[in-house]
Amino acid sequence: MDIKTVGIVGAGQMGNGIAHVFALAGYDVLMNDVSREALDAAITLIEGNLDRQVSRGKISQSDRDAAMGRIKTTLTLTDLGQTDLVIEAATERESVKVAIFEDLVPHLKPETILTSNTSSISITRLASRTDRPEKFMGFHFMNPVPVMQLVELIRGIATDEATFKSCLAVVEKIGKTASTSEDFPAFIVNRILMPMINEAVYTLYEGVGSVASIDSAMKLGTNHPMGPLELADFIGLDTCLAIMNVLHDGLADTKYRPCPLLTKYVEAGWLGRKTDRGFYDYRGETPVPTR
Ligand SMILES: CC(=O)CC(=O)SCCNC(=O)CCNC(=O)[C@H](O)C(C)(C)COP(=O)(O)OP(=O)(O)OC[C@H]1O[C@@H](n2cnc3c(N)ncnc32)[C@H](O)[C@@H]1OP(=O)(O)O
Ligand SMILES: NC(=O)C1=CN([C@@H]2O[C@H](COP(=O)(O)OP(=O)(O)OC[C@H]3O[C@@H](n4cnc5c(N)ncnc54)[C@H](OP(=O)(O)O)[C@@H]3O)[C@@H](O)[C@H]2O)C=CC1
């Protein structure tokens, strides 16, 4: 299928990054969210990130202007019905995603490919709640989307080859590299990354190290660009906890038990960078560890 228009559901940190890379690659983008504030904030962030790319000589001013001209926003989910490819990037909660698909599906063109950027939830199960499991895929970007090279492509049990090939062609057109994963809880990247982050939280919880010593140990000792707690704040602690719960429920192994301290931070509403507080407090000039 020749994809020209892309609908994005959810204008959070992933939705805005996905809109950015698709618009820059020449796709017309329609971005939806439940909040006008989230849509406006996403547009401001995309402008800022494109401006930075211009100032660093990565793209031209006319590329930037053309990309911004291709991005439209809407509060009405059903407006996305006429797009060729939909990427759902709303909050990591199965009930939220299922409700979106149920509302959207009756308005979709028959040939539209429906995908989810979920970090962990079963693609087969999400697909089964739509009218098109054969045209449903996992399309999993990494954060920050404009910078990270990888897209994980996940086929549900019913996904057909034409859908997979169309998504693969899109990944190539946006200049990224695909890796395919089977549809098991949290796929490849988060099956490996999230237990490491959860273990870092246990290391903090048990008093083995402070936030600063854990992050410094992993950055300087293993050359990770960010420490695991800094990365958890960057991803969002609500998302990290949701992924651990999917691993724990889906694989029924105690090794995936979410750390109670991670749960406590989420219960406090300390979700990381997006709420200005998590394992670090971001309200001042420089981040200050909260433990
Ligand atoms: C949870 C899931 O489901 C899956 C996931 O996404 S797991 C998370 C995956 N992501 C990671 O692991 C990220 C780990 N961190 C990193 O790779 C790096 O710290 C980083 C790329 C985020 C920043 O790199 P850095 O060298 O510390 O900072 P900086 O020099 O400011 O940025 C590097 C480049 O990224 C760009 N950049 C940084 N943050 C950005 C953002 N949020 N949006 C757009 N561009 C960004 C910068 O402009 C810069 O671009 P140039 O090379 O063109 O100058
Ligand atoms: N953070 C990360 O590093 C990564 C996340 N992902 C996945 O991407 C998805 C989004 O994550 P992320 O961007 O971090 O989350 P954010 O919390 O930053 O953004 C989610 C956005 O979705 C909105 N939203 C909630 N419900 C609906 C709805 N019914 N319709 C439309 N929009 C809605 C939220 O609005 P409101 O705030 O008003 O609720 C919010 O603006 C998740 O599935 C996550 O697992 C994938 C890769 C990496």
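Numbering of ligands and ligand atoms starts at 1, following listing order.
- The presence of a protein heavy atom under 4.0 Å from atom 31 (O) of ligand 1 is ruled out.
- Checked by distance only, ligand 2 and Gln13 come closer than 3.5 Å through their nitrogen or oxygen atoms.
- By the 30° and 60° cut-offs, the orientation of the rings of Phe279 relative to Tyr265 is tilted.
- Of the candidates Gly17, Ala11, Ala90, Ala90 brings a heavy atom nearest to atom 42 (C) of ligand 2.
- Residue contact annotation: Lys97 has a non-hydrogen atom under 4.0 Å from ligand 2.
- Taking every heavy atom of Arg52 and a limit of under 4.0 angstrom, the matching atoms of ligand 1 come to 37 (N), 40 (C), 41 (C), 43 (N), 44 (C), 45 (N), 46 (C), 48 (O).
- Between Glu134 and Thr163 there is no side-chain heavy-atom pair separated by less than 4.5 Å.
- Distance remark: protein heavy atom present below 4.0 angstrom from atom 46 (C) of ligand 1.
- Among all protein heavy atoms, the one lying closest to atom 17 (O) of ligand 2 is Lys274 NZ, 3.0 Å.
- Only the side chain of His140 comes within 4.0 Å of ligand 1, judged by heavy-atom distances.
- Side-chain contact between Gln53 and Leu24: present, with at least one pair of heavy atoms (C-beta onward) separated by less than 4.5 Å.
- When non-hydrogen atoms are compared, ligand 2 lies under 4.0 Å from the backbone of Phe141 (N, CA, C, O) but not from its side chain.
- Not a single N or O atom of Val9, backbone or side chain, sits closer than 3.5 Å to an N or O atom of ligand 2.
- Residue contacts with ligand 2, taken as heavy atom pairs separated by less than 4.0 Å, do not involve Ile243 at all.
- Distances from atom 54 (O) of ligand 1 to the protein include at least one heavy-atom value under 4.0 Å.
- Leu126 is listed as a side-chain neighbour of Glu94, based on a closest heavy-atom distance under 4.5 Å.
- Neither the backbone nor the side chain of Thr239 has any atom closer than 4.0 Å to an atom of ligand 1 (non-hydrogen atoms only).
- Inside a 4.0 Å radius of atom 28 (O) of ligand 1 there is not any protein heavy atom.
- At a heavy-atom distance under 4.0 Å, only side-chain atoms of Arg56, from C-beta outward, approach ligand 1.
- Distances between N or O atoms of Thr239 and those of ligand 2 include no value under 3.5 Å.
- The protein reaches atom 3 (O) of ligand 2 closely, with a heavy atom under 4.0 angstrom from it.
- Residue Met148 touches ligand 1 through its side chain alone, judged by heavy-atom distances below 4.0 Å.
- Relative ring orientation between Tyr280 and Tyr282 is described as tilted, the plane-to-plane angle lying within the 30° to 60° band.
- For atom 6 (O) of ligand 1, the nearest protein heavy atom lies closer than 4.0 Å.
- For atom 17 (O) of ligand 1, a protein non-hydrogen atom is found at a distance below 4.0 Å.
- For the pair Ser210/Arg291, no side-chain contact is recorded, criterion being any heavy-atom separation below 4.5 Å from C-beta on.
- Side-chain contact check for Ile43 versus Met31: some heavy-atom pair is nearer than 4.5 Å.
- Distances from atom 8 (C) of ligand 1 to the heavy atoms of Asn143, Leu50, Asn190 show the closest one on Asn143.
- For ligand 2, the polar-atom distance check against Gly15 finds no nitrogen or oxygen pair separated by under 3.5 Å.
- Checking only distances, Ser35 never comes within under 3.5 Å of ligand 2, N or O to N or O.
- Using a 4.0 Å cut-off to heavy atoms of Asn49, the atoms of ligand 1 that qualify are 43 (N), 44 (C).
- Ligand 2 has no nitrogen or oxygen under 3.5 angstrom from a nitrogen or oxygen of Thr118.
- The proximity of Leu231 to ligand 1, defined as any non-hydrogen pair under 4.0 Å, is limited to the side chain.
- Looking at His224 against ligand 1, nothing comes within 4.0 Å, counting heavy atoms.
- By the criterion of side-chain heavy atoms lying less than 4.5 angstrom apart, applied directly or through intervening Ile, Leu, Val, Met, Phe, Trp or Tyr residues, Ile188 is not grouped with Leu150; the two fall into different hydrophobic clusters.
- Annotation for ligand 1: atoms under 4.0 Å from non-hydrogen atoms of Val147 are 21 (C), 35 (O), 36 (C), 37 (N), 45 (N), 46 (C).
- Protein heavy atoms are absent from the space less than 4.0 angstrom from atom 24 (O) of ligand 1.
- Using a 4.0 angstrom heavy-atom cutoff, Ala89 counts as in contact with ligand 2.
- Proximity to Leu193 (heavy-atom distance under 4.0 Å) selects the following atoms of ligand 1: 7 (S).
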